[in-house]
Amino acid sequence: MKCAVLGDPIDHSLSPTLHQAAYAELEMSDWSYTSTRVQAGGLAKYVADLGGDWPPSRWRGLSVTMPLKREAYELARSMSPRARLVGAVNTLVRSSHGWVGDNTDLPGAVAAIRERAGEGFSCTSGAILGAGATAASTGLALAELGASRITLLARNPGAAGETIEMISRHPSKPVVSVLPLDSAVHGVDAVVSTVPAKAQTPDLIDRWASTPVVFDVVYDPWPSPLLSVAPGVAVSGLDLLVHQAVLQFELVTGRTAPLAAMRAAGEKALGILEPTPA
């Protein structure tokens with residue numbers, strides 16, 4: 001059985017490491033997972049070239065990263081409600097009636113926060129640094145966790161309209177606003193950083209590091225400047241990556257994913273010497 005992660009760039013992806021670790025742990029020797037560079041606009045042709053026969057084709061699942069998530073949304077023959085909510089597909093699962101689209105970024109973010117902050121964690125007010133596609137999915141995750149007020153902190157607030165609209169579609173109808181990135185917001189239960197490590201200036205770190213829950217989607221470099229000083233609950237990009245990969249694995253294979261083995265493989269690849277609890 002064949003699976004792969006597709007995107008551009010793709011050489012940095014840890015997905016093959018995580019999924020191959022799961023196959024090894026469960027002795028699934030007939031499964032393989034590779035990475036392939038597919039440029040924007042090329043997903044439909046790539047998938048068509050895999051062949052359309054069922055069941056002779058051995059292709060079973062595709063992980064889709066940037067810049068292809070919207071293309072995957074358009075390509076899917078059917079999709080999950082959460083993929084429709086996010087407006088993007090990061091997982092394509094082969095079925096007898098074509099490719100089924102799903103999104104594991106949203107539930108993966110929820111699972112990552114709950115693992116670190118506790119199953120009972122509830123968020124009333126959240127902030128997100130950045131206003132792109134990742135801000136949309138993590139904003140929806142904060143809404144899933146109860147946030148009724150979500151503030152986007154953006155370098156270009158005028159370009160945040162699509163992200164605001166997407167988060168506002170959550171059934172709980174959170175109030176979403178946008179401010180410049182250098183703004184301060186008080187009374188926030190959780191902050192999610194989607195900005196690169198180089199954008200995490202000393203002033204930004206001072207404003208947000210003491211938030212009760214700090215979630216940084218960056219996992220390289222490790223730890224990020226923000227997480228390296230956060231004194232409260234810290235949720236990492238590796239936590240997100242592992243939990244969304246666990247869900248992808250289970251969607252594609254129908255088996256329970258070995259989370260601990262997948263996390264350990266990710267930690268080893270990043271050079272983290274002290275494993276975090278599974």
Whether the side chain of [X] engages the backbone of [Y] through a donor-acceptor N/O pair (distance < 3.5 Å, no angle test) should be reported.
X: E71; Y: G41; result: yes
X: D189; Y: T124; result: yes
X: N103; Y: R82; result: no
X: S148; Y: P174; result: no
X: E267; Y: I272; result: no
X: R114; Y: F121; result: no
X: T211; Y: V214; result: no

>> Do the side chains of R207 and D203 get close enough for a salt bridge, i.e. N-O under 4.0 angstrom?
In response: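 D203 and R207: not salt-bridged.
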>> Less than 4.0 angstrom from a charged side-chain N to a carboxylate O is my criterion; do E115 and R263 meet it?
In response: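 Salt bridge between E115 and R263, a charged N being under 4.0 Å from a carboxylate O: yes.
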Pairwise distance [atom1]([X]) to [atom2]([Y]) - rounded to 0.5 angstrom:
X: Y219; Y: D239; atom1: OH; atom2: CG; result: 13.0 Å
X: L251; Y: D102; atom1: CG; atom2: CG; result: 5.0 Å
X: S125; Y: L142; atom1: OG; atom2: CG; result: 9.5 Å
X: H243; Y: M262; atom1: NE2; atom2: CE; result: 10.5 Å
X: L62; Y: T91; atom1: CG; atom2: OG1; result: 9.5 Å
X: C123; Y: E144; atom1: SG; atom2: CD; result: 12.0 Å

>> Under the criterion side-chain contact (heavy atoms from CB on, under 4.5 Å), I'd like the reasoning laid out for F249 against L26: C-alpha separation, chi angles, the key distance, then a yes or no.
In response: CA-CA 12 Å; F249 175 91; L26 299 182; 3.7 Å; yes
Within the structure provided, determine whether [X] and [Y] are in side-chain contact (heavy-atom separation under 4.5 Å).
X: P16; Y: V5; result: yes
X: T65; Y: S13; result: no
X: Y46; Y: L68; result: no
X: I10; Y: L6; result: no

> Would you call the rings of H19 and Y33 parallel, tilted or perpendicular, where under 30° means parallel and over 60° means perpendicular?
Replying inline: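 Answer is parallel, since the angle falls under 30°.
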>> Test side-chain contact (heavy atoms from CB on, under 4.5 Å) on W59 and K2; report intermediate values, then the result.
In response: CA-CA 5 Å; W59 282 96; K2 297 180 180 180; 3.8 Å; yes
Is atom [atom1] of [X] surrounded by more than 12 heavy atoms (other residues, nucleotides or ligands) closer than 6.0 Å?
X: D11; atom1: CG; answer: no
X: E27; atom1: CD; answer: no
X: E162; atom1: CD; answer: no

> Does the side-chain contact (heavy atoms from CB on, under 4.5 Å) test come out yes or no for L240 and F215, once each step is laid out?
Replying inline: CA-CA 9 Å; L240 171 60; F215 181 7; 3.9 Å; yes
Least distance between heavy atoms, [X] atom then [Y] atom:
X: L227; Y: A234; answer: CD2-CB, 3.8 Å
X: A131; Y: L152; answer: CB-CD1, 4.4 Å
X: E250; Y: A257; answer: OE2-N, 2.9 Å
X: S193; Y: Q200; answer: OG-NE2, 3.5 Å
X: L204; Y: A199; answer: CD1-O, 4.0 Å
X: G98; Y: R77; answer: CA-CG, 4.0 Å

Starting from [Y], can I reach [X] by hopping between I/L/V/M/F/W/Y residues whose side chains sit under 4.5 Å apart?
X: V188; Y: V192; result: no
X: W222; Y: V217; result: no
X: L153; Y: M166; result: no
X: V191; Y: L106; result: no
X: V47; Y: V89; result: yes

>> Let's go through V86 and D105 carefully: what are the C-alpha distance in whole Å and the side-chain angles of both, what is the deciding distance for side-chain contact (heavy atoms from CB on, under 4.5 Å) to 0.1 Å, and is it a yes or a no?
In response: CA-CA 9 Å; V86 177; D105 290 330; over 6 Å; no
> Given the rule in the side chain to side chain donor-acceptor pair (under 3.5 Å) test, do N90 and T104 qualify, once you have shown the distances and angles that lead to the verdict?
Replying inline: CA-CA 7 Å; N90 78 330; T104 65; 3.0 Å; yes
> Applying the side chain to side chain donor-acceptor pair (under 3.5 Å) test to D216, which of S228, S236, S224 qualifies?
Replying inline: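 Looking at S228, S236, S224, the match for D216 under the side chain to side chain donor-acceptor pair (under 3.5 Å) is S224.
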